[in-house]
Amino acid sequence: MTDQLDLFANTVAAPADYGADDIQVLEGLVAVRKRPGMYIGSTSSSGLHHLVWEIVDNAVDEHLAKYCTQIDVTIHKDQSVTVQDNGRGIPTGMHKMGIPTPQVVYTILHAGGKFGGGGYKKSGGLHGVGASVTNALSEWLVVEIFREGKIHRQRFEYWVDEEGKEHVGEPVTGLEVIGTTRKTGTKVTFKPDKRVFQGGIALNHDTLYERLQEIAFLNSGLKVTLTDERTDKQDVFQYDGGASEFVQFLNEEKTVLHDVIHFMAEKDDIEVEVALQYNDGYTETIVSFVNSIPTRGGGTHETGFKTAYTRVMNDYARKNGMLKEKEKNLDGQDLREGMMAVINIKMSEVEFVGQTKDQLGRRVSAKRCRFRRLR
């Protein structure tokens, strides 16, 4: 029809100079540098601290694998930070790619020991980008590895050459042996790049304090230290009560109505720990973690807990005559009013939603799990 509206009549023609050469391919860590928000969420304070969490998460994974008992975090006066653990240490042999294994870990995206090999069964670092992203967004990064009686060291830096080409997190030394040791573990020191983090690179002591304390609560027996050389302050975290002690801490300034109820269960390589305690307030607070990673966006584990809790409470109420046959079930939100709960899950083959791992995507079923009440 001649009078039919032509939806494309006013479409602007593509510029003649837009062609195949305009399609850019960002290789290696340059992609991280160009679009950091894709990997750390933002270039604000939360993204800055995410650099630390990626390295700390690797140390926690060593603990989950039963090899690490201590993690030390140090903030230096120049705003660089060191994370050291006493785990096995990154392998130092030559990788099949023809470069030292630590160089693979810190310069190549999606490289790591958490893709179904024998390195880790349960881990929080799942995408193989954490350590390399921290390197990519730092001025420099130095890794020291204590393994097989030797101290290995390698340094990486960001610089721009005379032709204007960016060199992102590239090695400026080989993997050097600088001494001998009886220790094992990995020590990573890096300085976030102020050209990436426009709000500054000063790490917040309280932010680090809260997260490291969480990690200690969630991993019974693990010793975690935070040393701030800017203020000559040191904090030591070590707890044996797990989620139960965590709930007590969260309810510390509230009037509680009973002792903490604490359950644990394990099935099919999934460990589930739940602790809860009611206070006299009206707010429901559920904090959840998967392999020590805080899932602030919730996910399938929180949904499953809420559904199961509502069902169990209603079944109990009916069996004990608290609800008559024709009465409606109690509402889940009403049942959780005043609840303080910690859900702590450790599992293999985790499926998070996004690189920042704020939400669990994989379905977690507690069906037929035999829960063991601890308190």
Side-chain angles (χ1 to χ4, degrees), residues 49 52-53 55-75 81-87 120-125 185 203-228 233-266 270-279 285-296 301-302 305 339-347 350 357 360 371-375:
H49 290 83
V52 183
W53 307 148
I55 305 301
V56 170
D57 288 348
N58 289 340
V60 173
D61 290 343
E62 278 291 287
H63 172 75
L64 294 177
K66 313 297 184 185
Y67 292 104
C68 171
T69 59
Q70 183 166 339
I71 300 171
D72 301 316
V73 178
T74 304
I75 312 171
V81 60
T82 295
V83 179
Q84 182 169 355
D85 66 66
N86 65 347
Y120 299 90
K121 282 191 174 181
K122 299 169 184 174
S123 68
L203 291 161
N204 184 281
H205 179 273
D206 291 343
T207 300
L208 294 176
Y209 182 104
E210 291 174 9
R211 175 68 183 123
L212 295 176
Q213 186 179 40
E214 280 182 355
I215 289 171
F217 274 128
L218 297 167
N219 296 277
S220 297
L222 176 64
K223 183 178 181 180
V224 183
T225 70
L226 171 61
T227 303
D228 194 336
K233 186 176 181 181
Q234 185 177 65
D235 302 287
V236 180
F237 311 107
Q238 188 169 19
Y239 306 100
D240 296 322
S244 175
E245 199 165 350
F246 197 178
V247 167
Q248 290 180 41
F249 169 78
L250 294 174
N251 264 336
E252 205 168 45
E253 297 182 359
K254 303 180 186 298
T255 301
V256 298
L257 306 180
H258 57 85
D259 291 337
V260 177
I261 301 171
H262 190 194
F263 294 94
M264 291 187 74
E266 182 173 1
I270 300 177
E271 298 176 38
V272 180
E273 181 184 19
V274 177
L276 63 92
Q277 184 183 44
Y278 281 89
N279 57 59
T285 304
I286 298 176
V287 289
S288 62
F289 305 84
V290 179
N291 294 349
S292 298
I293 303 294
T295 45
R296 297 182 179 89
H301 53 332
E302 281 196 28
F305 167 75
M339 174 193 284
M340 182 72 71
V342 171
I343 303 171
N344 183 23
I345 293 179
K346 297 175 182 178
M347 60 190 295
V350 187
K357 297 172 280 192
L360 179 66
F371 281 88
R372 175 168 53 95
R373 178 170 177 176
L374 303 180
R375 186 175 177 185

Using modelled atom types and a 3.5 Å cut-off, is there a donor and acceptor pairing between side-chain atoms of [X] and backbone atoms of [Y]?
{"X": "Glu271", "Y": "Ile345", "result": "no"}
{"X": "His49", "Y": "Leu208", "result": "no"}
{"X": "Asn291", "Y": "Ile293", "result": "no"}
{"X": "Thr74", "Y": "Thr82", "result": "no"}
{"X": "Asn251", "Y": "Tyr278", "result": "no"}
{"X": "Gln277", "Y": "Leu257", "result": "no"}
{"X": "Asn344", "Y": "Leu218", "result": "yes"}

Reported [atom1]-to-[atom2] distance for the pair [X] and [Y], which is rounded to 0.5 angstrom:
{"X": "His262", "Y": "Glu245", "atom1": "NE2", "atom2": "CD", "answer": "10.0 Å"}
{"X": "Asn279", "Y": "Met339", "atom1": "CG", "atom2": "CE", "answer": "10.5 Å"}
{"X": "Ile215", "Y": "Phe237", "atom1": "CD1", "atom2": "CZ", "answer": "10.0 Å"}

Handout entry: Working for side-chain contact (heavy atoms from CB on, under 4.5 Å), residues Asn219 and Leu64
Key = CA-CA 8 Å; Asn219 296 277; Leu64 294 177; 3.6 Å; yes
Looking only at heavy atoms, what is the nearest atom pair of [X] and [Y], with distance?
{"X": "His301", "Y": "Ser288", "answer": "NE2-OG, 3.2 Å"}
{"X": "Leu250", "Y": "Lys254", "answer": "O-CE, 4.1 Å"}
{"X": "Gly241", "Y": "Ser220", "answer": "C-OG, 4.3 Å"}
{"X": "Leu222", "Y": "Cys68", "answer": "CD1-O, 4.1 Å"}
{"X": "Thr295", "Y": "Phe289", "answer": "OG1-N, 3.8 Å"}

Practice task
Mind running side-chain contact (heavy atoms from CB on, under 4.5 Å) on Phe249 and Val342 for me, showing each step along the way?
Solution key: CA-CA 11 Å; Phe249 169 78; Val342 171; over 6 Å; no
Practice task
Output all residues satisfying salt bridge (charged side-chain N to carboxylate O under 4.0 Å, His left out) with Asp228, sequence neighbours left out; order by chain, then residue number.
Solution key: Arg230
Practice task
Kindly write out the residues that satisfy salt bridge (charged side-chain N to carboxylate O under 4.0 Å, His left out) with Glu214, not counting sequence neighbours, or none if the list is empty.
Solution key: Arg211
Practice task
Would you please name every residue forming a side-chain contact (heavy atoms from CB on, under 4.5 Å) with Thr69, sequence neighbours left out?
Solution key: Asn86
Practice task
Applying side-chain contact (heavy atoms from CB on, under 4.5 Å), run through Tyr209 and Gln213 and close with a yes or a no.
Solution key: CA-CA 6 Å; Tyr209 182 104; Gln213 186 179 40; 3.8 Å; yes
Practice task
Could you check if a side-chain atom of Phe305 sits within less than 4.5 angstrom of a side-chain atom of Leu276, using non-hydrogen atoms only?
Solution key: yes
Practice task
State, yes or no, whether a side-chain contact exists between Asp235 and His205 at a heavy-atom distance under 4.5 Å.
Solution key: yes
Practice task
Measure up the Tyr239 and Phe217 rings against each other and bin them: parallel (under 30°), tilted (30 to 60°), perpendicular (over 60°).
Solution key: parallel
Handout entry: Candidates Asp72, Val52, Val73 - the one meeting side chain to side chain contact (heavy atoms under 4.5 Å, CB included) with Leu212
Key = Val73
Problem - Polar contact flag, side-chain donor to acceptor under 3.5 angstrom, Asp85-His63 - result: no
